[in-house]
Every structure is written in C-alpha cells, then in structure tokens.
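Each remark here refers to the structure printed beneath this line.
The chains referred to below are lettered A, B, ... by the order of the sequence lines, with proteins before strands, and numbering in each begins at 1.
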Number of protein chains: 2
Amino acid sequence: MTTPAPVVLVVEDEPAMRRFLRTSLRAHGYHVVEAATAREGLAQLAGRNPDVVLLDLGLPDADGIDVTRQVRATHRTPIIVLSARGQERDKVAALDAGADDYLTKPFGLQELLARLRAALRRAVPGRGGAEPSVVTAGELRVDLGRRQVFRAGEEVHLAPTEYRLLAVLAAHAGQVLTHRQLLEAVWGPNFLEQTHYLRVYVGQLRHKLERDPARPRLIATEPGVGYRLRDEAPPAAGG
Amino acid sequence: MTTPAPVVLVVEDEPAMRRFLRTSLRAHGYHVVEAATAREGLAQLAGRNPDVVLLDLGLPDADGIDVTRQVRATHRTPIIVLSARGQERDKVAALDAGADDYLTKPFGLQELLARLRAALRRAVPGRGGAEPSVVTAGELRVDLGRRQVFRAGEEVHLAPTEYRLLAVLAAHAGQVLTHRQLLEAVWGPNFLEQTHYLRVYVGQLRHKLERDPARPRLIATEPGVGYRLRDEAPPAAGG
DNA sequence: CCGAACTTTGACGGAATATTGAGGTGGCGC
DNA sequence: GCGCCACCTCAATATTCCGTCAAAGTTCGG
C-alpha cells in the first residue's frame with residue numbers, strides 16, 4: 001500500500017506567501033491545509049490532525065510564541081516556524097516555546113522541503129502508537145486527533161474554549177495541572193491570574209460531561225492548586 | 001532529583017572551535033565528549049552513546065555527509081550539523097542524509113543552545129519538563145512530579161499546606177529536618193517560631209498516612225530538633 | 001442588520017482550608 | 001510523687017477558595 005500524503009498545516013496570513021507554500025508543497029506530494037489566523041490554525045490543528053505545522057510568527061490575531069506554546073500543550077506535532085525576524089532571541093524564544101525548527105524569511109524552497117522531510121522522518125517511527133491521541137476516563141472519551149468528545153458513546157458538542165481546556169486536561173490525564181498551567185495553555189500568558197475563567201469553564205465542562213455535575217468524578221478539583229482529569233474509572237458508588 | 005547531564009558528542013577538527021564548544025556547553029550543564037576526526041567520532045559514538053551529536057562537516061579524514069549517513073545507519077541519536085558552507089544544496093544534502101538540524105558558521109551560542117534543547121526535548125519522550133522523581137517510604141508513595149500521594153496504592157487527597165510539608169520531607173527522605181527548616185520551606189521566613197503549625201500539620205499527615213497515627217512509623221519525631229520521613233520500610237511488627 | 005453561540009464579567013452562598021486556642025499525654029529530673 | 005517541658009489532639013473561628021447563576025459584551029453567519 002502506498003503511504004498517504006503527509007498533511008501539512010500552513011498557518012500564514014499573507015496571501016502571497018500562503019499561495020506560494022500551497023502550490024510548492026502540493027507539487028511535492030503533500031496535502032495542504034491552510035489557516036490565515038491563529039484561531040483558525042488551532043481549530044484546524046484539532047480538526048485535521050496534521051503531520052507537521054508550518055507556522056508564521058507574524059499573525060494578526062495572536063503572538064506566534066503563544067500559539068506555539070498552546071499547540072504544545074496538547075499536541076506533539078512538529079512545528080516549523082517561519083519568520084521575517086532573524087534575531088537570535090526570536091529564534092531562542094520560539095524554539096524554547098516548543099518549535100522544532102526556525103526558518104528566517106526569505107528562505108529557499110529546497111531548504112524548507114529538506115527540513116520538512118527531516119521533521120517528518122523523526123515523527124514517523126513514533127506513529128506506530130507512541131502517542132495515544134485518544135484519551136478515555138470513565139465513560140468519557142476524548143479524541144485529540146479528530147477534535148471529538150464522547151460521553152457514554154454519545155458525541156458531545158463543546159465550544160472552542162471548552163474543548164481546548166478539556167484537551168489540555170486530557171493530554172495530561174491523571175496529573176494535577178495548576179491554575180497557571182491551564183490558563184497559560186488555554187488563554188495564553190496574559191491571563192495567568194484569571195482563575196475565574198477556569199471556574200466558569202470547568203463548571204460548563206462538568207455540566208456537559210459529568211453524570212452528576214454536583215459531585216464530579218471526571219474533573220477533580222485540587223483546592224488551592226488546580227484541576228485534574230481522573231484517568232482511572234472510579235469504582236461504582238457504594239453509598 | 002537533578003537530571004543527569006546530557007552527553008554531547010562534539011566532532012570538530014579546528015581546536016579553537018572545539019574549545020569554544022567545550023567551554024560553552026560545560027558552562028551550561030552538558031557533559032562534553034570530543035572527537036577531532038570522523039573515525040574518532042564514530043568510535044566515541046559507539047562507546048559513549050551520547051544524547052546528541054554536534055558534527056562539523058569539514059572534517060579532514062572523511063566527508064561529513066557520509067559520516068551523517070553512517071551514524072544514521074545504526075543510531076537514532078539527533079545530529080546537529082555545523083558548517084561554514086551556507087549553500088542551500090549543502091543544507092539539503094546534510095538534512096537528507098539524516099541530520100536533524102543545520103547551523104551555518106558563524107552562529108550565535110544562544111541559538112545553538114536552543115536548538116540543542118529542542119533536539120533533546122524531542123528525543124526524550126517522557127520528559128516534557130516534569131521530573132518523574134518518586135519517593136517511596138514503606139507503603140507510602142509520593143510522586144513529586146505529578147503532585148500525587150498514594151498509601152498502599154490508594155490515592156490520598158492532601159490540602160496544599162499538607163502536601164507542601166510532605167513534599168519537603170520526602171525530598172529529604174531519611175534526613176532530619178529542623179523545625180526552622182520546615183517552617184521556612186513551607187510557610188516562609190516569617191514563621192520560623194510557629195512550631196505549633198508543624199505539630200498540627202504533622203498530626204494531620206499522620207492521620208491521613210499512617211496505619212496507626214498514635215505510633216507513627218513514617219513521620220518520626222526528633223524531640224527538640226524536628227521531623228524526619230523514614231525512607232526504609234520498617235519490618236513488620238513481630239510482637 | 002439581526003439573531004445565535006460564545007466569551008467575559010460580576011455577585012453571592014457555601015465548601016474547603018488555615019489559623020488559633022484550650023486541654024491532654026508522656027518522659028524526665030528532682 | 002511532683003512539676004516542667006515538648007509534644008499531641010480536638011475543636012472553634014477566620015479566611016480563602018470554589019461553584020453557580022445570570023447579565024453584559026463580543027463574534028460570526030445569514
């Protein structure tokens with residue numbers, strides 16, 4: 001069987017550059033998914049589960065570094081950053097935020113393709129099941145690849161923010177995530193103090209996902225610390 | 001508790017550059033293994049099993065591209081190529097031969113370090129930043145990375161202050177910690193005299209963790225000095 | 001331009017936790 | 001035996017934190 005074409009998510013606001021990438025990549029056998037904004041990019045990431053992300057840092061609606069960090073909170077997909085800024089501190093910031101590579105514009109197409117191949121080559125061996133993109137907890141099932149959530153087999157519709165919060169919790173199931181960690185991953189580093197958001201959205205998630213929202217079993221509160229998605233199904237209630 | 005220093009194999013023939021890399025990397029906590037030729041490099045690779053390889057392409061005894069290919073034939077160790085040649089075809093050749101990254105000399109130290117971190121981050125799957133470090137004492141298990149505590153396999157819920165106190169004791173298991181040390185670590189430097197807090201919280205921890213809180217085995221009192229978490233399981237009571 | 005879905009913000013009751021105080025226990029020197 | 005000291009236990013109070021609801025603001029699509 002032939003290998004399916006790798007899916008490349010291109011997040012780039014300039015139409016000319018986006019068109020250039022689209023045609024070049026398609027000509028070389030890739031399947032291209034496009035997004036013009038950070039918001040759109042995050043949605044595509046969740047929906048299409050690309051094999052690699054090409055991310056322009058100069059997006060209109062968000063800081064590219066934040067986007068990198070938000071992607072890393074739930075996905076291990078390789079990220080190649082494209083940027084007009086060639087300062088060393090920009091590169092360091094992007095790489096430390098979780099990017100796998102950094103290319104300064106203008107760059108040669110052949111180099112981009114080679115770095116793309118390098119990123120895909122590394123990722124492939126792990127594709128045999130290294131990263132479980134489906135997390136189950138009790139009667140809850142979260143499919144991080146398809147952006148779908150099921151409760152007892154029934155699909156549940158979640159708003160974008162609701163889903164991202166749940167995705168972060170699911171990506172670290174069983175582990176306590178602090179308020180700050182969650183806020184940074186979902187809302188970005190400018191919202192580290194807004195624990196109120198968490199209360200509201202955790203409440204909404206419980207309302208949609210828990211059997212009895214008043215006595216939550218899936219999303220547990222760690223008072224004064226944060227929240228945690230229980231990864232083991234608790235035994236049936238004895239009383 | 002500290003991660004062992006990652007081992008970096010530097011394959012570089014110019015003594016000045018080698019020395020620069022050696023001192024810079026050591027200053028940043030890496031363990032450096034050196035080789036001046038390709039032959040030597042391959043021998044070190046087999047013998048020392050480094051976490052990452054920095055490979056100069058302009059070696060005297062072999063073509064760097066061939067070296068890259070030879071490494072890849074047997075190892076998955078990340079390779080970061082350093083080269084004076086910045087032509088696109090050189091980059092493509094190195095990356096397609098199996099290199100993970102390509103830096104053109106002269107390069108900034110910070111960028112090199114960031115790309116090094118990126119390569120290491122990818123290589124170690126479970127190490128996203130959270131240290132596993134688990135401390136066991138008898139039937140007690142403290143997972144400092146996940147902020148979870150188990151007693152005989154059952155998870156125990158601890159309030160923030162309770163957990164912080166236990167975490168300090170666990171981080172120095174077997175060692176006596178004075179009242180002042182504990183108070184400073186948990187409550188801060190303004191509470192050094194409040195030994196009463198310790199009594200209350202040690203009592204609560206014993207109540208939650210000890211099999212018989214009246215005769216504590218895990219958290220031992222050192223009268224007039226402080227407390228200590230026993231790190232060895234005491235033999236089962238014989239009488 | 002309007003309506004639907006979503007996000008942000010504010011108010012308030014109640015739960016969980018931290019702090020404080022009073023009384024009890026046990027070892028030790030005298 | 002007595003008193004002292006350090007420690008332990010229990011419980012009341014104070015404080016912080018959390019869950020809920022609903023209104024106001026925003027975004028998006030028709």
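Under a 4.0 Å N-O distance rule, the pair A:Glu139/A:Arg217 does not qualify as a salt bridge. A salt bridge links A:Arg115 with A:Glu111: the distance from a Lys NZ or Arg NE/NH1/NH2 to an Asp or Glu carboxylate oxygen falls below 4.0 Å.
A:Tyr201 has a side-chain polar atom (N or O) that falls below the 4.0 Å cut-off from OP1 or OP2 of C:dT7. Between A:Trp187 and C:dT8 there is a side-chain N or O to OP1 or OP2 distance below 4.0 Å. A close approach under 4.0 Å does not occur between any side-chain nitrogen or oxygen of A:Arg199 and OP1 or OP2 of D:dG19. Applying the 4.0 Å criterion to OP1 and OP2 of D:dC18, one finds that A:Thr221 has every side-chain N and O outside that range.
For A:Asp212 and D:dG19, the CG to C1' distance is 13 Å, given to the nearest whole Å. Distance CG (B:Leu198) to P (D:dA6): 15 Å, rounded to an integer number of Å. Between the OH atom of B:Tyr197 and the C1' atom of C:dA18 there is a distance of 8 Å, given to the nearest Å. Between the C1' atom of D:dT20 and the NZ atom of A:Lys208 lies a distance of 16 Å, rounded to the nearest Å. Here the P atom of nucleotide C:dA16 and the CG atom of B:Leu158 are 15 Å apart, to the nearest Å. D:dT26 atom C1' lies 10 Å from atom CZ of A:Arg39, rounded to whole Å. For the pair B:Leu165 CG and C:dT17 P, the interatomic distance rounds to 15 Å; values are reported in whole Å. In this structure, the CD atom of A:Gln194 is 14 Å from the P atom of D:dC18, given to the nearest Å.
Remark: the A:Thr23 side chain and the A:Arg18 side chain contain no N/O donor-acceptor pair separated by less than 3.5 Å.
Taking only side-chain atoms of A:Pro223, from C-beta outward, the nucleotide of C:dA18, C:dA16, D:dC21 with the closest atom is C:dA16. The side chain of A:Tyr227 lies closest to D:dG19 when the candidates are D:dC7, C:dC6, D:dG19. Side-chain atoms of B:Pro160 lie closest to C:dT17 of the nucleotides D:dC21, C:dT17, D:dC18. Distance from the side chain of A:His196 is smallest for C:dG10 among the nucleotides D:dA6, C:dG10, C:dT7.
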* Any chance you could lay out the side chain to side chain donor-acceptor pair (under 3.5 Å) test for B:Arg206 and B:Thr221, step after step, and finish with the verdict? => CA-CA 11 Å; B:Arg206 281 173 176 157; B:Thr221 302; 2.7 Å; yes
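Note that CG of A:Leu113 and CD of B:Glu88 are 8.5 Å apart. Values are rounded to the nearest 0.5 Å.
Here A:Val202 lies out of heavy-atom contact (under 4.0 Å) with every strand. In this structure, A:His207 reaches neither bases nor backbone, as no heavy-atom distance under 4.0 Å exists between it and the strands shown.
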